[in-house]
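Notes follow once the structure below has been shown.
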Amino acid sequence: MLRHLPPIRDPNVLVGPGGRDDAAVYRLSKDVALVATTDFFTPVVDDPFLFGRIAAANALSDVWAMGARPLFALSLASFPIGKLPIEQLGRIIAGAAQACAEAGIDIVGGHSIDDPEPKFGLAVTGTVRPGRVLSNAGGKAGDVLVLTKPLGIGIATTALKRGLASPAIDAAIEQMSTLNRAAGEVCAEARVHALTDVTGFGLLGHLWNIVEGSGVGARIRAADVPLLEGVERLAQDGVVPGGSKRNLTDLVHCLRFADEVPDWMRWILADAQTNGGLLAAVPPRRLKGVLATLEARGVRGWPIGKLVAGGCEIEVR
Ligand code: CO
Ligand code: CO
């Protein structure tokens, strides 16, 4: 979509629409840059409070994925006024406010419209030192790829929509509600080489952004990738959102799978996540320290593969 924009001329735009990054970065002075991002979507869960919390946590994530710290947020709401009780919108906003409080920021304003389908999200503004931006372009061959949440959220929410029972549903709700704050702060402090969050394009799609942005290849070990409990079974039963299958199709030109990697695992690797984990390219000598610091902050980091020299290709075995 953004390729329809005219080229950016302002030299203070440090990260713009061309680089497939998580947020835009605008230099205010040699020491300070603003980070701006927005995200909103239709409900992924029935409970309005939880939906607001998840939508806010998801929008905030793109600030942490740039190595930045959020300053404040504006809310964006669509709501079918007169068709659903307006108290539900209040619950959505209360859930978002709870997530923002955990992020250490306030919601300072916003805009809402009457719309047949509810939608909610935030526009978040943050700050970062211009030299400390963690983009998709900084990865180097040899970096270890670390993922901070298990995969399968899109598959689990599809199961929820279809009224299926699976332990993956509760596990997904817990992961979606968990802020990426601690993970982002640890990665920023450790100066990892590249950082992104795994959302709509799935692990493989967001990894592709790092691979292409950094001009390296990647090698993933499927057996090392963490999965939500129960998601393997759902994927084997074909409970996979169309968007996740499309993610995989869109990437065929740059993927090389070992024959042993089954189709259901390929879908999970491409599964669209809502507020998924951070994916970091960590220089090997800092890996132990990063994993230990994450753990001290209550976050598990899973090494799932590495960046390798050579062509832009993702190999999965
Ligand atoms: Co992102
Ligand atoms: Co986004």
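Reckoned from all heavy atoms, side chains included, excluding hydrogens, waters and symmetry mates. For ligands, and for the atoms within them, numbers begin at 1 and follow the listed sequence.
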Among residues at least two apart in sequence or on other chains, which ones pass ring pair (Phe, Tyr, Trp, His ring centres under 6.0 Å) with Trp267?
none
Residues two or more places apart in sequence or in another chain: which of them pass ring pair (Phe, Tyr, Trp, His ring centres under 6.0 Å) with His193?
none
From Leu160 atom CG to Asp46 atom CG, the distance as rounded to the nearest 0.5 Å:
6.0 Å
Got a sec: is Asp62 within less than 2.8 Å of the Co ion (ligand 1) via an N/O/S atom?
yes
Just say parallel, tilted or perpendicular for the rings of His253 and Trp208, cut-offs at 30° and 60°.
perpendicular
Looking only at N, O or S atoms, find the one in Asp22 nearest to the Co ion (ligand 1) and name it.
OD1
Which atom name does Asp197 have for its N/O/S atom nearest to the Co ion (ligand 1)?
OD1
